[in-house]
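Report on one structure; see the data block that follows.
Naming: A, B, ... by sequence-line order, numbering from 1 per chain. Computed from heavy atoms alone, side chains included, the values below leave out hydrogens, waters and symmetry copies.
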Number of protein chains: 2
Amino acid sequence: MAVIKIANVVASTSLGGELDLQAIALALDGAEYEPEQFPGLIYRLKEPKTATLLFRSGKVVCTGAKSLEQVKTAISKVAKQIEAAGIVIKIEPKIEVQNIVASSDLGAQINLNAIAISLGLEKVEYEPEQFPGLVYRIDSPKVVVLLFGSGKLVCTGARKPEDVEAAVDKITEELKAAGLLR
Amino acid sequence: MAVIKIANVVASTSLGGELDLQAIALALDGAEYEPEQFPGLIYRLKEPKTATLLFRSGKVVCTGAKSLEQVKTAISKVAKQIEAAGIVIKIEPKIEVQNIVASSDLGAQINLNAIAISLGLEKVEYEPEQFPGLVYRIDSPKVVVLLFGSGKLVCTGARKPEDVEAAVDKITEELKAAGLLR
DNA sequence: CCGGTATTTAAATAGGTATTTAAATAAGTT
DNA sequence: AACTTATTTAAATACCTATTTAAATACCGG
């Protein structure tokens, strides 16, 4: 069973009321707010190392966390800092994970050309001139796996860590069944 | 009978004599005059929210009004401001409506594919890849109606509010007769 | 080392797509 | 010289693209 390492969790929530982003930009040191470029205010934390996007509607997106725990910690910290700036918000927002990016390692080098032919054209994209990874789309769980010649892989699109595990198991079995991995 | 909402009235008139647009641009705060780009001077009002185009010939185009009354008010205001700047003009210009844009709602969702086939190719254009609305041209009154899947519609090209009503009635009856609307 | 190539995802906003119409001027084509 | 296209303004409608953020992976070029 390959070791899976979660690299990035993207989650969203709502602070329950509209936010005055101009006021928040002034109150939070280091906040970035350039509405002509992007409607969200960007606020980064050093620990957990994350970037949180705040929107006028009160919606929030948090990226960069390595676990759901880190997401909770980051959003809590940001909410407290906003509250300290005098803005009333819902203290216990419901956090929803929207995307997990994880990496793993099949433990051996693999032949991407052979795999592209074996796994079938409808699920595979492999254009080495454009990008060195082979793109493999799985229906269930609904994720995308990037396979590399080194045997390393990246899995994106999952909303639960279990989905990542299932996807890695699935592709491992498929490659073994096709004789493309021992 | 669907409620019809007039969204934009375009009207033209003449102030009776040639206008020195350079002088007017200097006299009217906020006037825009870039003759290399467009031969008209653009002057906007906040109330009624309109944009009036002034031409060297004395011709005038007013857009953005929600009613003929607003057109009259806007042109009157602009004329007074030009006169206050020392330019003699005809006080009671004859205003002619050139275009009315109105919106309405059929009150139910409609199947644009079925409608495109049913109403006939010579009056209908429906290219959803290019624009989500179905373009329906009516000969009498001579207007164009944009139909949307939501049942909402936009009618353009009319010169009288009654033309809009007639067009909406006409298309409503046609859709009912074809069994495409209850 | 940096930026780009590719993948995923939420959030919200802008610009584009199309339709109509007057006005006048420039540029391009026949 | 005549004709055509484009420019600008406003508005409703609905759909698309793009923008930004983070991260792993591996390859290219500067």
Query raised in the report: Is there a side-chain polar atom (N or O) of Gln130(B) under 4.0 Å from OP1 or OP2 of dA18(C)?
Result: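 Yes, because at least one side-chain N or O of Gln130(B) sits under 4.0 Å from OP1 or OP2 of dA18(C).
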
Looking just at side-chain N and O atoms, do [X] and [Y] make a donor-acceptor pair shorter than 3.5 Å?
X: Gln98(B); Y: Ser12(B); answer: yes
X: Tyr136(A); Y: Glu125(A); answer: no
X: Lys77(B); Y: Thr73(B); answer: no
X: Lys72(A); Y: Ser76(A); answer: no

Please indicate whether [X] has more than 12 foreign heavy atoms, meaning atoms of other residues, nucleotides or ligands, lying under 6.0 Å from its [atom1].
X: Lys123(B); atom1: NZ; result: yes
X: Lys160(B); atom1: NZ; result: no
X: Glu129(B); atom1: CD; result: no
X: Glu122(B); atom1: CD; result: yes

Rounded to the nearest Å, what distance is computed from the [atom1] atom of residue [X] to the [atom2] atom of nucleotide [N]?
X: Glu129(B); N: dA18(C); atom1: CD; atom2: P; result: 13 Å
X: Phe148(B); N: dT19(C); atom1: CZ; atom2: P; result: 11 Å
X: Glu127(B); N: dG16(C); atom1: CD; atom2: P; result: 22 Å
X: Lys142(B); N: dT19(C); atom1: NZ; atom2: P; result: 13 Å
X: Tyr33(A); N: dA12(C); atom1: OH; atom2: P; result: 12 Å
X: Phe38(A); N: dG15(C); atom1: CZ; atom2: C1'; result: 15 Å

Give [X] one of three labels, base, sugar-phosphate or nothing, depending on what nucleic acid heavy atoms sit under 4.0 Å from its own.
X: Glu96(B); value: nothing
X: Glu34(A); value: nothing
X: Thr50(A); value: nothing
X: Val144(B); value: sugar-phosphate
X: Leu53(A); value: base
X: Thr52(A); value: nothing

Report task. Give me the first and last nucleotide of DNA chain D, going 5' to 3', that has any atom under 4.0 Å from a heavy atom of chain A. Result ->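 Here the contact window of chain A covers dT19(D) to dC27(D).
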
Query raised in the report: Relative to the 5' end of DNA chain D, which residue comes earlier, Lys5(B) or Pro128(B), by the nucleotide with the nearest heavy atom?
Result: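 This one resolves to Lys5(B).
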
Requested in this report: Report the residue (Val61(A) or Ala102(B)) whose heavy-atom-nearest nucleotide on DNA chain D is the more 5′ of the two.
Outcome: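 Per heavy-atom nearest nucleotide, the more 5' residue is Ala102(B).
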
**Report entry** Those residues that, when tested against Glu127(B), pass salt bridge (Lys or Arg N to Asp or Glu O under 4.0 Å) (two or more places apart)
**Finding:**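 For Glu127(B), no residue satisfies salt bridge (Lys or Arg N to Asp or Glu O under 4.0 Å) once neighbours in sequence are set aside.
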
**Report entry** DNA chain C: 5'-proximal contact among Phe55(B) and Val135(A) (nearest heavy atom)
**Finding:**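 By nearest-heavy-atom nucleotide position, the 5'-most residue is Val135(A).
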
Report task. Would you kindly compare Ile100(A) and Arg56(A) by the position of their nearest DNA chain C nucleotide and give the one closer to the 5′ end? Result ->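 Nearer the 5' end of the strand: Ile100(A).
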
Query raised in the report: Can you check whether Ala65(B)'s main-chain N or O pairs, donor with acceptor, with Thr50(B)'s side chain at less than 3.5 Å?
Result: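 No.
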
Query raised in the report: Quick one, which residues of residues 157-164 of chain B touch DNA chain C with a heavy atom under 4.0 Å?
Result: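 DNA chain C contact set from residues 157-164 of chain B: Gly157(B), Arg159(B).
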
